[in-house]
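Below, chains carry the letters A, B, ... as their sequence lines are ordered, and counting in each starts from 1. From a predicted model like this one, the values you see are computed outputs, not experimental measurements.
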Amino acid sequence: MVYCSIRMDVLTSLNPSQREAVETTSGPLLIIAGPGSGKTRVITNRIAHLVTSCGVSPSNIMAVTFTNKAAREMRLRIQEIMGSACAGLTVGTFHAICCRILRTDGKAVGLSPGFVVYDDDDQINLIKQTLQELKLDPKQYSPRSIQSSISAAKSRLLTEQTHAESVSSYFEEIVQRVYQRYQSLLSLSDAVDFDDILLKTVHLFQANPDVLARYQEQYVHLLVDEFQDTNMAQFELVKLLAGKHRNLCAVGDPDQSIYSWRCADVRNLLSFNNEYPDATVVMLDQNYRSTKTILKAATQVIASNTLHKEKDLWTENAEGKPVVMSECLNEKDEAQKVIAIIDKLVQRDGLSYGDCAVLYRINAQSRALEEGLMRFGVPYRLVGGTRFYRRQEIRDIIAYLRVVHNAHDSISLARIINTPGRGIGQGTLTRLQTRASENGESLYDALSYTAKRTDLAARASNALSRFLALIDGIIERSQELALPELIEEILVRTSYRAYLMERDDGEDRWENVQELKTVAADYADLAPREALPMFLEKVSLVSDTDEMNGASDVVTLITLHQAKGLEFPAVFMIGMEDGVLPHRKSFDDPAAMEEECRLCYVGMTRAQKYLFLSRAHRRNLFGNGLANPPSRYIERISPDILTARGLWGEDDVDLSGALYTQPLAYGVSDEEFRVGDWVYHKKFGQGVVMDCFPDKNDLVITVSFEDSGPKRLLLSLAHLDKIERFDSMP
DNA sequence: CGAAAGGCTCTTTTT
DNA sequence: GAGCCTTTCG
C-alpha cells in the first residue's frame, strides 16, 4: 500500500525526460539539467525509485553534493518522499564523505585518525611561515597565488613529488619548493588541507585495491550533483568508486559552470561520454521557473558562447513582463531605484520582501544597497558577508580547542600563543618556529623545550612558561569537562571576555562566542573524548551557521556565485556594466569572459516573474569613481522584451504593466513633484521623493529624509517645498 | 614588545 | 573604505 502510493507519486507527476532520468537505473547516466528544470525532483525521485521500486538498499546508494546545505536539503526532500525508508543513505559533500573514509582507512596513506583539517586561512598562514623559512619575499610571491597554485596542483592529483616533474617556469619552481616544505609542515601538525582530503582519498584507493573494493561493493549506485563543478580529483574519485558497478549518475549544466577559477573542469561533464561511451544522456529542457520573456532574454545572452551546447529551453509559463533596464546616476541612485521598485512590488503587486533578491558581481557592491535599505527601513539579509566561522573571535576559540585536541597543531598554536596578548611577540615566536623547523619538531615541542630553559631573557621565558602551563592545564581539564564547559574554561582562563571588551565592537564579538557555545551545547552529552573531535570536524567542514532561518520575510542580497541554485519571484541584477559584469579582470582571457557570461546567465535564470537590470553611469568602487559602459550582455537582449528606463525615469510610465501605472509627476497648485526631487519639510528637514501617487483628492508622497529616513506623507498636510539639489542622495 | 601610523591592494570563495 | 602588512618609536 505504502509502496504503491510512493510509486504513483514518484512517476506520475514527471514529464517524459524527467521520467526517463528517474527510470534509467543501471549503467552510466548523464543528466543535463537546465535552470529550473526540476533537477532536484528528478534526483530525489530517482533515489526513491531505486529503493522502493528496484529494491536497492539505501545503504548501497551514495549521493554527492558540493555544499552542506545542498546535502541537507537533498536528504530532507528524500525523507519527505520516503520517510524513514531512506535510513542508511549516504548523502554528503565530497569533503565530508572523503573525511569519513580517511578517518577509517587513512592509516594506509599515513594519516592518523585524529587529523585536523586546515581551511584556506590556515593554509595561507602556513604558506607565509614556509616563505619565511625559505627566505622568500611574500611581496614577490604572494601567499595567495602560491596557495592557489598548490591547490591547482592538488586538484590535478599532483603530489609534491609528481608536481616536481611538471615544473616549467621559475614561478612553478618556487611553488614546488614551497609545496614540499608546506606538505611536511602539514604532516608535522597532523593536519591536511581541503585539497588533501580528496587527493589522499584517491591515493588511498589507487594504492589499496582491497580498500577500494570494499567501497565499490558498498556503493552500488552513485549520484553526483552539480557535475560541471567537479575537478579532476573529484572525477577520478567518482570513477574509482563507480569502477565496479558503473551505476554513475552525473547531473549538471555546462551553462552554469562558474567555478573554473576554483579548478572546476567543465570538461568532466562535456566529455562524460569519452569516459563512458555507453552512457545514457537525458536532457531536461522544460523550465518550470521563469516567464517566457525571462527565459528568452537569458538564452539570448548566452547564445553566443562557444562553449554553449545548443539546447532549447522552453516553458509553458506565461509570457510575463518585459525585462527592465534602469539607468542610474551612481551606485546610490541605483540602490534607491532598486528600493523604490521593491517598495512598489510589495505595496501594489502583492509580493513580499522575501520574494526579492538583489544579485551582484562583487561583494563591495552590497554596501550602497545596505545603506539604502537601512535608511528606508527595508528588512534584508546579506548572504555570506563575514561568515560565522571566519570571524576572528570564533577562530581564536576554535584554535584553542584544536590545540587541546592536538597540541602539535602548530598553526593553531601560533594563532593563540599571543591571543590575548601575553608578552610573546613576533621575535619570540619566530625563534620558536626556527627551532621547531631545525629539529623537525612541532611548535609545541619547541615551546616546552624553550620554556624550561633558564638562559633566556627572563621576561620571555616567564611568559612562555606561563603559556605552557595554561595550555597544559586546559588539556588536563579537557579530559573531564563536557564541551560547553571546556569552552567556558578556556574563556575564563584566558580572560577572553576582557580581551574582547577592549574593542569597540567587543559586545558583538562576545555574542558570537556565546553563539559558538550554543552550537557546542549539541555535543554536551557526549564523552569529552568524543565530543571534541566531532565538533572540530563539523566546524572545519561547515561554511555557515545553519543557513539563517529562511522563513523571515526580508530582501536577499547575494553574489551571483552564491545565488546559483536559488530562485526568487523578483530578481535585481545591479552593476550591469562592462568592468563589473563582465569583470574587467576577465577582459583579456576569452575563457574567463565566457564564464562571466555564464554568470550573467545564472543570475537571470534565478528570476521567476520579474527581472530588473541596472547600471550606474558613475560608480564608486574602492574610493575612486569609474564611468563604465553598459554591459555587453544588455545589447544581446532583443528590444521587444527589454524596457529601458532612462536616467530620470521618463520611461517608467508603461513599465511592466501593473508597475508604474501611475504617472510619476503630479501638479498640485503650481508645485510639481517628481521622483528624485529634493524637498524640504519643516520638521524632518530635507529629503528625496521616492514615490508619489494620487489618493482621493490628495497626493501620497513617500519622502526619504536625510535624518529620519522614509516617511509617507499627504501633500495637503505636509507643506513640502522643492529645493535645489542635484545629487540623488547625500 | 606592542601601539600607532602609513602604504598597499582589493573578483568570484561550494569545502 | 577596510584589512593587512611593514615600519617606527617609546
Side-chain angles (χ1 to χ4, degrees), chain A residues 64-72 92-99 117-125 128 137-139 142-144 147-148 151 154-155 192-198 225-226 228-231 233-234 256-264 359-365 367-368 371 383-387 389-390 392 418-430 457 459-460 463 502 537-544 547 558-566 575 579-587 589 592 595-596 598-600 602-603 620-624:
Chain A
V64 192
T65 62
F66 274 84
T67 66
N68 291 302
K69 192 177 156 218
R72 207 161 42 230
T93 63
F94 274 106
H95 291 83
I97 290 173
C98 288
C99 241
V117 179
Y118 279 178
D119 67 17
D120 30 346
D121 274 338
D122 300 318
Q123 289 179 52
I124 293 288
N125 286 332
K128 282 179 188 161
D137 180 9
K139 269 187 211 136
S142 88
R144 189 132 302 279
Q147 189 269 331
S148 71
S151 174
K154 286 184 175 178
S155 67
V192 299
D193 64 21
F194 279 136
D195 302 303
D196 280 338
I197 295 175
L198 304 172
D225 195 12
E226 304 284 13
Q228 76 280 354
D229 291 336
T230 52
N231 63 29
Q234 287 159 335
Q256 295 184 64
S257 152
I258 53 174
Y259 282 104
S260 73
W261 51 277
R262 291 207 64 158
C263 304
L359 277 49
Y360 39 82
R361 178 67 176 83
I362 60 174
N363 281 310
Q365 286 174 268
R367 172 175 248 115
E371 282 170 8
V383 178
T386 319
R387 285 167 307 179
Y389 289 106
R390 286 290 168 95
Q392 264 180 43
N418 201 32
T419 308
R422 46 176 76 91
I424 304 172
Q426 189 56 54
T428 310
L429 178 58
T430 307
R459 191 156 62 127
E502 285 168 18
E537 173 114 349
K538 180 194 152 76
V539 299
S540 62
L541 292 181
V542 113
S543 59
D544 242 315
E547 284 305 314
I558 191 169
T559 63
L560 288 163
H561 283 90
Q562 293 188 107
K564 193 180 70 166
L566 305 179
V580 179
L581 182 65
H583 197 275
R584 54 172 46 78
K585 290 230 161 150
S586 300
F587 281 170
D589 178 353
E595 185 148 315
E596 297 285 324
R598 292 193 292 271
L599 201 48
C600 184
V602 166
N620 270 311
L621 263 183
F622 308 125
N624 36 14

**OP:** Taking only Lys NZ, Arg NE, NH1 and NH2, and the carboxylate oxygens of Asp or Glu, determine whether A/Asp120 and A/Arg144 approach each other closer than 4.0 Å.
**Re:** no

Subject >> DNA chain B: stems of at least 3 consecutive Watson-Crick or G-U pairs whose donor-acceptor distances fall under 3.5 Å >> reply: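 Only these stems qualify: B:1-10 with C:1-10.
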
Flag the pair [X] / [Y] as yes when at least one side-chain heavy-atom distance between them is below 4.5 Å, and no otherwise.
| X | Y | answer |
| --- | --- | --- |
| A/Thr65 | A/Glu226 | no |
| A/Tyr118 | A/Val192 | no |
| A/Glu595 | A/Trp261 | yes |
| A/Asn363 | A/Thr559 | yes |

Original post:
Any donor-acceptor pair under 3.5 Å joining the side chain of A/Arg262 to the base of B/dT15?
Top reply: yes

Subject >> Shortest non-hydrogen contact between A/Glu537 and A/Cys99, atoms and distance >> reply: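 That closest heavy-atom pairing would be OE2-CB, 3.4 Å.
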
Original post:
Which heavy atom in A/Pro143 sits nearest to a heavy atom in A/Lys128, and how many Å separate them?
Top reply: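 Scanning both residues, the minimum pair turns out to be CG-CG, 3.8 Å.
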
Original post:
Would you say A/Phe622 stacks on B/dC10, if stacking means ring centres under 5.5 Å apart and planes within less than 30 degrees?
Top reply: yes

**OP:** Could you check whether A/His561 and the base of B/dT12 form a stacked pair, meaning centres closer than 5.5 Å and planes differing by less than 30°?
**Re:** no

From C-beta outward on [X], which listed nucleotide comes closest to its side chain: [options]?
| X | options | result |
| --- | --- | --- |
| A/Ser586 | B/dT11, B/dT15, C/dC4 | B/dT11 |
| A/Arg367 | C/dA2, C/dC5, B/dT12 | C/dA2 |
| A/Thr67 | B/dT15, B/dT12, C/dG1 | B/dT15 |
| A/Thr428 | B/dG2, B/dT15, B/dC1 | B/dC1 |

Does [X] place a side-chain N or O at less than 4.0 Å from the phosphate oxygens OP1/OP2 of [N]?
| X | N | result |
| --- | --- | --- |
| A/Thr559 | B/dT13 | yes |
| A/Gln426 | B/dC1 | no |
| A/Asn363 | B/dT12 | yes |

Subject >> Residue closer to the 5' end of DNA chain B, A/His583 versus A/Leu429 (nearest nucleotide) >> reply: A/Leu429

Rounded distance in Å - [atom1] ([X]) to [atom2] ([N]):
| X | N | atom1 | atom2 | result |
| --- | --- | --- | --- | --- |
| A/Gln147 | B/dT15 | CD | C1' | 12 Å |
| A/Asn418 | B/dA3 | CG | C1' | 13 Å |
| A/Trp261 | B/dT13 | CH2 | C1' | 4 Å |
| A/Leu599 | B/dT13 | CG | P | 10 Å |
| A/His95 | B/dT15 | NE2 | P | 9 Å |
| A/Arg422 | B/dG2 | CZ | P | 11 Å |
| A/Leu621 | B/dC10 | CG | P | 14 Å |
| A/Gln392 | C/dC4 | CD | C1' | 11 Å |

Original post:
With sugar-phosphate meaning primed atoms plus P, OP1 and OP2, does A/Tyr259 contact a base, only sugar-phosphate, or nothing at under 4.0 Å between heavy atoms?
Top reply: base

Original post:
What is the nucleic acid contact for A/Gly427, judged by heavy atoms within less than 4.0 Å: base, sugar-phosphate only, or nothing?
Top reply: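 Result for A/Gly427 = sugar-phosphate.
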
Original post:
Does A/Asp589 use its side chain to pair, donor to acceptor, with the backbone of A/Ser586 at less than 3.5 Å?
Top reply: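 No; judged by distance alone, with no hydrogens or angles, the pair does not exist.
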
